[in-house]
Number of protein chains: 2
Amino acid sequence: MSTTRKETDVWMHCSNSAVRRAARQLGQLYGGVLGASDLRSTQFSLLSQIASSGEPTLKSLAGAMVMDLSALGHTLKPLLRDGMVEMLPDPHDKRVKRVRLTAEGEARRGELMAAWRDAQDRFDSLLGRDKSEELRRTLAQIGSPEFAAAFAAAGKGD
Amino acid sequence: MSTTRKETDVWMHCSNSAVRRAARQLGQLYGGVLGASDLRSTQFSLLSQIASSGEPTLKSLAGAMVMDLSALGHTLKPLLRDGMVEMLPDPHDKRVKRVRLTAEGEARRGELMAAWRDAQDRFDSLLGRDKSEELRRTLAQIGSPEFAAAFAAAGKGD
DNA sequence: TGCATTTAGTGGTATATGCCACTAAATAGG
DNA sequence: CCTATTTAGTGGCATATACCACTAAATGCA
């Protein structure tokens, strides 16, 4: 019956499913290369983003990570507890808090750079440099605020 | 200083980060379209996979979802609790359990199909059909067991 | 100036996911 | 046939992530 056909269509044609599957796979693969260190691959990503952002506010960091603000707060807790990052008050706005890496966090991050590079090189080789870069570009586009806005707008006028 | 440059490189060139950001974004966007129904977008994906698999064993379902077996078990709990799916023993192997949708689960899934279609259409339009299909193909490749095996093998011979 | 509104974070609750240790069942060897 | 090993699931614990309600601080405006 055609029912089976349609059901198959869903998981084959759902970009949301597809991206989640890939995310789980890469979480495993990168995590495996990073090894049983103190930092998970998600935490490494977060520390890297913080490092490249200077001393971002929680809000801006959440935006950069395409993450809910409260989710970021929760995610930061183990890192705070383990002394990888610290929170500072903003001098101009008492509502605002900024995050930065501690020396410890910076050190850990540095230790994992080589492993990350290894994982990323394997990935690039397997997929092909061009395809890999193209993929990251597309994913960046999907993660952009502009994409979210356009997606929402597509619903309005529909 | 060159330090800043290198740090920037990480989050810009990390496929793992990129795919997770995109996953969070799409989770939000698809979730928004599915609305405040009983099912989250991840649950919809899972039900769809079950529906298209017949009565899969937990093991095979986990494989199809590119998910850890125990993670699948946990994820299934709310769906079992809410009567969306049910577990059956395998007649040939007492270790094995199979899952299937209940009438309720099938109904819910059906109700959400239109909304999912809407979300997916918006996505395809925004990215362009070709690029969208190409993306799903690439993500499927990344999620494949072959990719995982090749990735692991790249480490050995390295 | 004074209050209504908006903005940044926090904490609670629930789902999503992974790792490890453990159990039961099947299977391979001898 | 009996035991060592492998296989399928379960349960505990930890992180990842979202939504909601709530607080405090800043801002807009009459």
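The sequence lines fix the lettering, A, B, ..., with proteins before strands; numbering per chain opens at 1. Keep in mind that this is a model prediction, so the values were computed, not measured. Any value given below was found using the heavy atoms of this structure, including those in side chains, with hydrogens, waters and symmetry copies removed.
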Going through the checks in order, is the side chain to side chain contact (heavy atoms under 4.5 Å, CB included) test met by F44(A) and S17(B)?
-> CA-CA 9 Å; F44(A) 176 73; S17(B) 284; over 6 Å; no

Test log, rule side chain to side chain contact (heavy atoms under 4.5 Å, CB included), inputs L61(A) and T57(A) | CA-CA 6 Å; L61(A) 183 55; T57(A) 66; over 6 Å; no

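Between the side chain of S144(B) and the main chain of F147(B), a donor-acceptor pair closer than 3.5 Å is present.
Looking at which nucleotide of DNA chain C each of Q28(A) and K77(A) is closest to, the 5′-most match is held by K77(A). With the nearest nucleotide of DNA chain D identified for both S70(A) and D82(A), D82(A) has the one nearer the 5' end.
Among the protein residues, D93(A) comes within range of the sugar-phosphate backbone only, with heavy atoms under 4.0 Å from sugar or phosphate atoms but none that close to a base. Across all strands, T42(B) comes closer than 4.0 Å only to sugar-phosphate atoms, never to a base (heavy-atom distances). Using a 4.0 Å heavy-atom distance criterion, L69(A) is classed as a base contact. Residue contacts for R98(A): at a heavy-atom cut-off of 4.0 Å it reaches no nucleic acid atom on any strand shown. Looking at heavy-atom distances under 4.0 Å, M87(A) makes contact with sugar-phosphate atoms alone, never a base. Counting any heavy atom pair closer than 4.0 Å across all strands shown, T57(B) reaches sugar-phosphate atoms only and no base atom.
Taking a heavy-atom distance under 4.0 Å as the criterion, the stretch of DNA chain D touched by chain A extends 5' to 3' from dT15(D) to dA26(D).
As a whole-Å value, the separation of R21(A) CZ from dA16(C) P is 15 Å. A straight line from CZ of R24(B) to P of dT17(C) spans 13 Å, rounded to a whole angstrom. The interatomic distance linking R20(A) (CZ) with dT15(C) (C1') rounds to 10 Å, in whole Å. When the P atom of dA26(C) is taken as reference, atom NE2 of H92(B) falls 12 Å away, rounded to whole Å. One interatomic measurement links the two molecules: OH of Y30(A) to C1' of dG18(C), which rounds to 19 Å at whole-angstrom precision.
Annotation: proximity of residues 139-150 of chain B to DNA chain C (heavy atom, distance under 4.0 Å) is found for no residue.
A salt bridge does not link R129(A) to E133(A): none of the charged side-chain nitrogens sits closer than 4.0 Å to a carboxylate oxygen. One finds a salt bridge joining D124(B) and R136(B) here, because a Lys/Arg side-chain nitrogen approaches an Asp/Glu carboxylate oxygen to under 4.0 Å. Taking the charged nitrogens against the carboxylate oxygens, K97(A) and D90(A) have no contact shorter than 4.0 Å, which rules out a salt bridge.
Across all non-hydrogen atoms, the minimal contact from L58(B) to L72(B) is O-CD2, 3.2 Å. Residues L80(A) and E86(A) share a closest heavy-atom pair of CD2-CA, 3.9 Å.
Judged purely by distance below 3.5 Å, without hydrogens or angles, the side chains of E106(A) and T102(A) never pair a donor atom with an acceptor atom.
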